Amino acid sequence: MKKMAIDDTLKKLTEAYGPSGEEEEVRLLIKEMIGSSADNLYEDRTGNLYAIKNGGSGRVMVSAHMDEIGIIIIDVDKQGFLRLAPLGGISPHLLVGQRLRFKDGSTGTVYHEKLNSWKELDWPKLYLDIGLKGCAPDDCPVKIGDLACLDQPLVKQHNGRLMAKAMDDRAGCAVLIEVIKRLSGDLPHEVCFLFSVQEELGLRGAKTAAYRYDPDYGLAVDVTLVGDTPESPTMAVSLGKGPAVKVRDSSLFCHPQVRKLIIDLADENSIPYQLEVLTRGGTDAGAIHVTREGVPSGAISIPCRYVHSPSEIIDGKDLEMTVLLVEKLVQSCWPQIGGSSLQ
Amino acid sequence: MLKQLSNLDGISGREDLVRSHLLECLKDTPHEITVDSMGNLLVKKGKTISEQLMLSAHMDEVGLTITAIDKKGMLKFCPVGGIDTRILPGLRVRFGADRMPGVIGVKPIHLQKKNEQQKPFDPETLYIDAGFSSEEEACRWANVGDYVAFDVDCISIGTDCYRGKAFDNRAGCMILLKLLLEDNKLNFCAAFTVQEEVGTRGALIAAYNLKPHFALVVETTAAADTPDNEKKVAGTVLGAGPAISIMDRSIMVSPQARGNLVALAEKQSLPFQFRRFTGAGTEGGAIAHSGEGVETAVVSVPCRYIHSPNSIISMWDINNTLNLARAWLEKHQ
Amino acid sequence: MKDQMLIDIVMDLTSISGISGHESAAVEKAAVYFNRYCDEIKLDRFGNLVALKKADRDAEKKFTLALVAHIDEIGAVVTKIEPGGFLRFAPVGGIDPRVLPGQAVVVHGKSNYDGVIGATAPHLLTEKERNKTVPIDRLFIDTGHSYNYVFDHIKVGDPISLSRKTCYMKEGKMLTGKALDNRAGMSSLILCAAELTGLHHQVDICFIASLQEEVGLRGAITAAYGLNPDLAVAVDVTHGDLSGVDEQHTFRLGQGPVIAVGPNFHPVLSEHLQDIAKEYNISRQVEAIPGNSHTDAWAIQVSREGIPTGLVSIPLRYMHSTVEMVAVADLVSAGRLLAWLASGMKSAFIGRLKGC
């Protein structure tokens with residue numbers, strides 16, 4: 001019963017429209033899903049959503065980002081073809097022939113001008129066709145500055161695998177929502193579940209949210225790459241072997257005591273886990289951990305194939321185990337970390 | 001006013017002359033003025049809540065700095081801020097506090113090898129010749145770390161246009177200055193910032209200090225309405241009015257902030273265009289993501305040949321950008 | 001402090017591993033030294049070492065001068081354990097992959113394990129292979145242990161340090177080894193602290209050993225925010241002279257510490273450092289840095305409402321290799337320069353820094 005609920009949550013979330021800078025639809029969906037399970041629910045002016053669960057002293061910020069990669073329209077030509085620029089780390093190669101969707105539902109495909117070789121493929125050579133026949137600038141359903149995201153439904157594969165666009169990081173959001181709904185009783189610390197904006201543009205939402213909330217500890221729940229596909233970059237993380245406990249990525253070194261807490265809890269609760277070292281890529285914890293005087297932070301990652309493509313694949317069991325691990329984490333006492341005398 | 005501002009030398013890290021000039025212009029006003037440790041000039045007009053509304057324009061310009069003095073008395077240098085090094089050969093410059101003249105010499109055509117002209121000069125081989133005949137003589141007049149500016153005088157040109165250096169961003173400074181000197185009843189804080197060209201540095205601490213609720217960055221941006229650039233959808237056009245930013249490398253301007261500016265322009269029948277280039281950073285990001293976040297918009301005056309010794313800008317665009325900035329301030333009072 | 005004592009400190013500090021993100025052992029070592037000369041020592045929330053030497057009791061007003069040197073060094077972390085017990089790794093900080101094949105390393109797992117970054121014997125390579133650089137993710141470490149042993153004792157994420165014992169080259173009075181970036185700077189700070197015990201000073205001095213500079217100035221960001229000093233000087237290394245590189249980018253070893261000028265530094269402070277060097281006959285060089293100095297100074301300058309910052313660098317050859325080289329005289333001069341800076345600092349000067 002629980003499994004179907006989270007799959008359903010994930011389907012709604014991944015299929016929603018939410019490119020970096022326009023996360024409104026996802027935010028509304030999340031608020032609806034959380035319902036009255038949070039003790040306090042509010043937004044800030046950049047669009048970050050804060051879901052608070054009361055607890056004892058000390059504040060823990062658990063973050064997942066609502067935004068996904070996408071594109072921004074920079075020109076509408078006379079015949080109605082749209083020119084694009086990237087929003088976040090999206091590669092022009094993965095867009096050719098792909099379907100993109102706007103906030104109003106307009107859908108189109110990306111194609112390229114004549115190329116002499118694939119090496120020439122770059123943003124100026126791409127355009128988006130949503131079926132316009134040419135329109136006056138004021139009359140056009142799509143304007144300069146409009147954003148679009150990938151358009152794919154979530155599908156179930158063999159072996160409990162789930163494939164969708166925007167697993168990065170709607171999977172993380174789904175985990176947080178599920179944990180919020182399951183929590184009952186007193187928590188040792190106050191927990192702020194942060195649904196952040198603009199992570200794909202440089203961890204921007206988390207930066208201001210962490211400054212505002214001023215947590216004592218931080219935890220990011222995001223996806224990470226895997227090393228179990230043909231000739232993949234070196235990574236010791238695979239699908240189906242449990243959540244990955246992040247050691248480091250290019251945005252942070254997870255605090256060793258936070259990492260130890262996560263691993264101890266995983267061992268105590270027989271939750272399988274893997275260790276993750278990501279050489280290129282960052283997450284919200286990177287912004288949180290250098291806020292003000294520093295915030296000891298860690299991260300738990302959901303192993304994911306083909307990140308930043310229209311078909312990101314995760315393992316359903318990994319997702320469940322991540323929910324369990326995060327749930328145990330927010331129910332535990334975090335160790336005293338912070339300034340100490342060395343005399 | 002633009003000519004005076006353009007001719008002042010104020011390279012990132014040494015904006016003193018620009019700041020002194022602005023202080024001089026503001027000396028008879030009742031505004032509250034502070035200068036912080038990096039040299040940002042913050043001017044508050046109106047009541048105390050004025051810091052909730054921030055206007056920002058950077059005082060610094062791109063230029064060069066002396067990195068070494070060689071045995072022959074030639075001055076080695078490197079760029080400060082983003083400069084296309086291909087504009088350097090054959091330049092006249094001035095350096096140091098005394099504004100001594102120098103040239104970036106070039107090998108005469110007569111002495112060049114065949115096909116040498118096909119490739120740009122290697123910037124590592126360039127140096128400034130100030131006429132010194134030895135290292136000792138050079139050391140008496142020049143120091144490692146001296147700033148070097150383009151030796152250019154601003155003139156009016158064409159129809160209502162100007163040619164000169166540093167319109168990026170003295171045009172922005174001029175707009176802020178006019179709004180401060182005008183007889184309007186607006187409350188706001190004008191931040192004349194430093195070191196934008198080396199990483200929007202001054203804006204970081206100015207925003208932290210003011211903690212505004214709303215901010216508008218007044219900048220200049222590249223115009224690409226010249227031959228062979230037609231396909232470059234990303235450039236702006238001279239004479240089409242202020243360019244409203246959608247997104248740049250530092251900031252995703254919120255649809256709300258952007259929409260506000262567009263609505264204001266339309267309501268007051270002001271011309272405008274979009275800055276469709278999504279690359280290159282501005283102070284927008286530094287301000288928008290400081291503290292708990294600030295709703296920030298960016299508007300720019302189109303400028304041809306930006307970051308070169310002789311840019312071209314239209315006073316018509318500057319005035320319309322001024323009008324749009326004023327409208328923005330009025331709306332947020 | 002005698003030269004030999006300084007040399008011993010450098011040898012001691014470089015004998016320990018402290019790669020970015022795993023600096024605790026190095027921090028403990030530095031703490032032992034600062035404890036001798038400072039009044040209070042603690043770790044801040046991020047883990048940076050903050051050692052406070054209080055102003056003379058008759059000082060009129062409380063000002064804080066921060067002297068910052070990063071304690072982390074470049075290294076690597078284990079990314080995967082391959083069949084046969086070989087370890088794949090990823091760099092921590094900027095490393096040229098070409099210096100790695102054949103390099104001795106230490107893997108810090110349950111215990112410390114010596115190893116080597118495997119280099120295929122030339123006999124087995126084709127001409128084409130020999131002319132290409134092996135990218136870091138195709139290199140591997142051999143500890144001589146079996147897969148099972150490695151699996152039980154070493155984990156993904158464990159830090160790896162480069163192995164090299166520091167050597168004192170007597171004739172040239174140079175030191176060579178690994179991690180002189182930035183244990184050289186750290187040693188100068190310790191010397192500075194020692195020199196100050198014999199001098200009066202009217203400002204509180206905070207010696208900071210910052211973490212994770214090599215991966216993004218992270219320690220400096222949080223230390224500056226937490227301490228909020230009135231001014232700060234970072235001590236780091238800069239490129240020493242070597243053939244094949246234009247002289248305008250390098251500095252002579254043995255010609256004194258390098259004082260930086262440029263947008264990253266408060267002009268009054270940079271000039272003051274040069275004046276002190278002149279006054280006390282300390283040889284010095286000047287470096288014009290046009291933008292990002294890629295040192296802790298870059299982060300400190302824009303903390304909160306801004307902190308006037310300076311930078312003193314020690315010329316160092318072959319940066320980010322295990323054959324880094326510095327001149328002992330430069331370390332001593334840097335430490336003395338900072339001691340004179342601190343002891344001569346008056347509140348009037350600090351006032352000049354605040355409003356440009």
Side-chain angles (χ1 to χ4, degrees), chain B residues 11-16 19-20 33-42 60 62-71 74-83 122 124-125 127 143-148 194-211 286 290-291, chain C residues 217 221 224-225 228-232 238-239 241 244-252 258-271 273-274 284-294 297-311 350-356:
Chain B
I11 293 163
S12 310
R14 248 326 163 24
E15 300 88 350
D16 312 40
R19 189 170 43 246
S20 316
I33 298 181
T34 39
V35 176
D36 69 19
S37 64
M38 271 178 86
N40 291 315
L41 174 60
L42 305 172
D60 60 310
V62 299
L64 313 170
T65 184
I66 297 176
T67 51
I69 300 173
D70 78 8
K71 295 192 178 38
M74 299 297 136
L75 312 172
K76 300 289 270 175
F77 63 87
C78 69
V80 179
I83 294 186
D122 176 1
E124 289 277 309
T125 60
Y127 51 83
N143 297 302
V144 167
D146 277 352
Y147 283 104
V148 184
V194 299
Q195 298 189 27
E196 187 276 343
E197 299 289 3
V198 291
T200 71
R201 303 280 288 169
L204 288 167
I205 64 173
Y208 185 92
N209 190 341
L210 294 173
K211 295 189 168 46
S290 79
Chain C
L217 320 176
I221 294 171
Y225 188 96
N228 201 14
D230 294 284
L231 72 162
T238 187
H239 296 288
D241 49 341
V245 177
D246 198 313
E247 270 178 25
Q248 64 165 313
H249 301 304
T250 62
F251 299 89
R252 310 271 301 279
V258 182
I259 297 166
V261 295
N264 192 181
F265 318 105
H266 199 290
V268 173
L269 182 53
S270 295
E271 202 180 315
L273 280 163
Q274 293 180 65
R284 71 234 163 253
Q285 309 175 65
V286 178
E287 178 177 12
I289 303 181
N292 190 342
S293 62
H294 300 291
W298 185 248
I300 298 169
Q301 185 192 27
V302 292
S303 177
R304 293 186 190 246
E305 286 127 4
I307 298 173
T309 309
L311 174 68
I350 295 180
R352 277 177 64 204
L353 294 175
K354 295 288 180 161
C356 216

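Being a predicted model, the structure only gives us computed values, none of them experimental. All chains are named by letter (A, B, ...) in the order of the sequence lines, taking the proteins before the strands, and each is independently numbered beginning at 1.
Rounded to the nearest 0.5 angstrom, C:N264 CG and B:M38 CE are separated by 8.0 Å. Note that the CD1 atom of B:I205 and the CD atom of C:E305 stand 8.5 Å from one another [nearest 0.5 Å]. In this structure, the separation between OG on B:S37 and CG on C:D230 is 10.5 Å, given to the nearest 0.5 Å.
For the options C:Q301, C:E247, C:E287, heavy-atom pairs under 4.5 Å to chain B are most numerous at C:Q301.
Neither the backbone nor the side chain of C:L231 comes within contact range of chain B, judged by heavy atoms closer than 4.5 Å. The contact between B:I66 and chain C is made entirely by backbone atoms, counting heavy-atom distances below 4.5 Å. Looking at C:Q285, neither its backbone nor its side chain comes within 4.5 Å of chain B, counting heavy atoms on both sides. Contacts of B:F77 with chain C are made by backbone atoms alone, with heavy-atom separations under 4.5 Å and no side-chain atom involved.
Formation of a donor-acceptor pair under 3.5 Å by the C:Q248 side chain with backbone atoms of B:T67 is not found in this model. Looking only at distances, a side-chain donor or acceptor of B:R201 sits under 3.5 Å from a matching main-chain atom of C:W298.
Around CD of C:Q274, the count of heavy atoms belonging to other residues, nucleotides or ligands within 6.0 Å exceeds 12. Crowding of C:Y225 atom OH: a count of heavy atoms from other residues, nucleotides or ligands under 6.0 Å exceeding 12.
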Item to check | Check against side chain to side chain contact (heavy atoms under 4.5 Å, CB included), B:E124 and C:H249 | outcome: CA-CA 10 Å; B:E124 289 277 309; C:H249 301 304; 3.0 Å; yes
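C:A288 and B:T65 make their closest contact through CB-OG1, 4.0 Å (heavy atoms, listed as atom of the first residue, atom of the second, distance). Residues C:P263 and B:Q195 come closest through the heavy atom pair O-NE2, 2.6 Å. When all heavy atoms of B:V144 and C:V261 are compared, the closest pair comes out as O-CG2, 4.1 Å.
At a threshold of 4.5 Å between non-hydrogen side-chain atoms, the residues B:K76 and C:D246 count as touching.
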